[in-house]
Amino acid sequence: MSDTLIAPEVGTAEGSAPPKRLFIKTYGCQMNVYDSERMADVLRPLGYATTDQVEAADFVILNTCHIREKAAEKIYSELGKMREIRERKIARGESRMTIAVAGCVAQAEGEEIMRRAPAVDIVVGPQAYHQLPELLTRTARSRGERIGADFAPSEKFDAMPVVRGVKGYAAFLTVQEGCDKFCSFCVVPYTRGAEWSRPVVDVLAEARGLADQGVREVTLLGQNVNAYDGEGADGNVWTLATLVRALAEIPGLDRIRYTTSHPNDMSEDLIEAHAEVEALMPYLHLPVQAGSDRILRLMNRKHGRQKYIDLIGRIREARPGIALAGDMIVGFPGETDRDFEDTLDLVRQVNYAACFSFMYSPRPGTPASTMPGQVPGEVMKGRLTALQALLTGQQTAFNQGQAGRTLNVMFDRKGRHPGQAVGRSPYLQSVHVDGADHLLGQIVPVRIEQGSQNSLKGTIVGS
Ligand code: SAH
Ligand code: SF4
Ligand code: F3S
């Protein structure tokens, strides 16, 4: 959930005109990271090359997140900074920088953005990124239009360039958009719309394209990715498990992951795929949000704690040693100390390898925001601290438990020290190895020497 700066490449503009510079700042989930890459793809034919220097940019896009209040408010202060940068540039005699707001804040608060931040030229919702070239042209003529909140996701994907400008060996691939679950605290069903799965042929074509460009690990994305029900070439509906099996056949694609999943959509065939498909990595992000049945009901999660615990048991039976990850919310309206104890107890039973935890944030328009019993900030803070202490302990223990094992590591970037490379273990841990920078893009057995809270250290087997 950290902010990510996307700077895939510089200097791909065609012809002799100097390239125009595109700066994209990405907030929120991996689906936004994917969308930012795709926006760069859409704009590349117009002569835009990405830059990580905002001062150099002709076009700035903030790809925003609306999930918690802080995430949304950040955008307004960021827009203030962008406006100052633009004024400095104009004072230097440079061309006027265009500013766009994309993503879930654009979808949820488009009108408000225009009112509160008049410097914004374009507001574009998540299903309309293929319209960016047209929006840019129109912006040059008339400023201040809000466009593109109401398109169907199918149009977005159909209109995007087939070839992606990926860099590196691990890539995201969105296979599903939207959410029909309506958890009572969550804005996603409102910002991303109804669940929709991309057709299988499109997904396979994009995956083959990625493999051709050297990608070895692909993470399938969707707000509820395990509810995937795309149309197959045979006209039948494919499940995520069927899709994973087909992707595993693509030469070069050695590793497959998917995120995020809902417990109620964790079907038997998907659990079986974890047992049988070697390329499907032993890591699963399966959020539960709370450990109290009463709170789960108020959250409209449509499952209880025991169902989740049993499910975890079945998954662990199918793939022993699988790393389990999750998300937790503390301070949901009405949450008592007793309910919170149930959350701690569930966390102890599951024993997560990694888990995100958040203080409940009331979101306008969601049912929970007007529920009685809103929990005071101080109480939430105390609970979050206690929960995070427990989760940090579990994560550290999981990582330390890898010491002495040999894990296959896919090296995907250089480390901070000369000669060092950093890769990913099957469990999605970062692994630092000295003298390995010649191994980028390769999957190599590494003997793990040490595990700490956030990463592992090891040596190449045989070196
Ligand atoms: N589709 C994913 C989650 C998307 S949002 C899923 O169902 O697992 C990512 C996480 O943000 C959620 O899992 C939840 O833990 C957290 N979150 C969502 N809405 C929130 C809110 N109003 N306040 C605090 N955390 C929230
Ligand atoms: Fe939000 Fe719930 Fe949908 Fe996840 S499943 S995106 S938490 S509504
Ligand atoms: Fe945020 Fe939208 Fe993702 S609200 S978490 S960017 S779907």
Side-chain angles (χ1 to χ4, degrees), residues 1-4 25-36 62-75 101-109 125-127 129 153 172 174 176-196 221-228 258-266 284-291 295-296 298-303 308 324-333 335 343 352 354-371 374-375 377 380 383-384 387 391:
M1 293 279 140
S2 61
D3 305 345
T4 319
K25 188 163 184 181
T26 308
Y27 303 81
C29 64
Q30 292 101 328
M31 304 198 61
N32 265 9
V33 175
Y34 175 87
D35 281 346
S36 289
L62 301 184
N63 192 8
T64 62
C65 173
H66 201 244
I67 202 82
R68 282 167 291 273
E69 192 183 353
K70 265 195 196 144
E73 277 306 311
K74 237 192 302 197
I75 301 312
V101 178
C104 292
V105 180
Q107 182 69 29
E109 301 184 359
Q127 306 314 343
Y129 297 149
F172 289 133
T174 293
Q176 185 245 23
E177 288 253 6
C179 180
D180 296 338
K181 293 286 188 289
F182 290 93
C183 299
S184 61
F185 51 82
C186 184
V187 291
V188 170
Y190 311 97
T191 61
R192 294 272 170 168
E195 266 174 29
W196 177 81
L221 298 180
Q223 287 302 345
N224 257 314
V225 72
N226 60 340
Y228 178 85
Y258 61 92
T259 199
T260 297
S261 299
H262 191 286
N264 285 358
D265 294 315
M266 206 62 217
L284 178 63
H285 188 224
L286 193 64
V288 65
Q289 314 295 355
I295 296 298
L296 287 170
L298 288 171
M299 286 178 159
N300 192 31
R301 290 288 294 182
K302 303 191 182 88
H303 63 78
Y308 181 78
L324 286 161
D327 294 344
M328 288 288 175
I329 294 177
V330 301
F332 185 85
E335 187 187 72
T343 291
Y352 286 102
C355 184
F356 300 97
S357 50
F358 310 100
M359 285 195 273
Y360 168 72
S361 171
R363 308 306 295 127
T366 59
S369 67
T370 52
M371 280 183 189
Q374 300 285 324
V375 176
M380 280 205 261
R383 289 180 188 164
L384 188 68
L387 175 59
L391 291 171

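Atoms within a ligand are numbered from 1 in the order they appear, just like the ligands themselves.
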Distance col, row Glu69:CD vs Ser369:OG, nearest 0.5 angstrom, shows 11.0 Å
| request: Evaluate whether atom NZ of Lys302 has more than 12 neighbouring non-hydrogen atoms of other residues, nucleotides or ligands under 6.0 angstrom away. | output: yes
- Query: Is a donor on one side and an acceptor on the other found under 3.5 Å between the side chain of Asp327 and the backbone of Pro287?
  - Reply: no
Short version for Phe182: what comes under 4.0 Å of ligand 2, heavy atoms counted, is backbone
If we number the atoms of ligand 1 from 1 as shown, the ones under 4.0 Å from a heavy atom of Arg363 are 22 (N)
Notebook entry, point to check: Would you call Gln223 a ligand 1 contact, heavy-atom distance under 4.0 Å?
Noted result: yes
> Is there a side chain to side chain donor-acceptor pair (under 3.5 Å) between Glu109 and His66 once you walk through the steps?
Replying inline: CA-CA 9 Å; Glu109 301 184 359; His66 201 244; 3.0 Å; yes
With heavy atoms and a 4.0 Å threshold, my read on which part of Phe185 contacts ligand 1 is both
Ranked by distance from atom 1 (Fe) of ligand 2, the top protein heavy atom is Cys186 SG, 2.3 Å
Logged contact type for Met31 with ligand 3, heavy-atom cut-off 4.0 Å, is neither
Of Asp327, Asn224, Ile329, the one whose closest heavy atom lies nearest atom 13 (O) of ligand 1 is Asp327
Atom 3 (Fe) of ligand 2 sits nearest the protein heavy atom Cys179 SG, 2.2 Å
Numbered in order shown, the ligand 2 atoms found under 4.0 Å of a heavy atom of Lys181 are 3 (Fe), 5 (S)
Numbered in order shown, the ligand 1 atoms found under 4.0 Å of a heavy atom of Arg68 are 11 (O), 16 (C), 17 (N), 23 (N), 24 (C), 25 (N), 26 (C)
Is there an N/O/S atom in Cys65 at a distance below 2.8 Å from atom 3 (Fe) of ligand 3? no
Run the numbers on Lys74 and Cys65 for side-chain contact (heavy atoms from CB on, under 4.5 Å), then give the verdict.
CA-CA 10 Å; Lys74 237 192 302 197; Cys65 173; over 6 Å; no
Taking only non-hydrogen atoms of Phe185 and a 4.0 Å limit, the atoms of ligand 2 in range are 7 (S)
Per-atom filter on ligand 2: closer than 4.0 angstrom to a heavy atom of Pro189 are 8 (S)
* To do: Return yes when His285 approaches ligand 1 closer than 4.0 angstrom through a heavy atom, no otherwise.
  => no
heavy-atom search around atom 8 (S) of ligand 2 in the protein gives Cys183 N, 3.3 Å
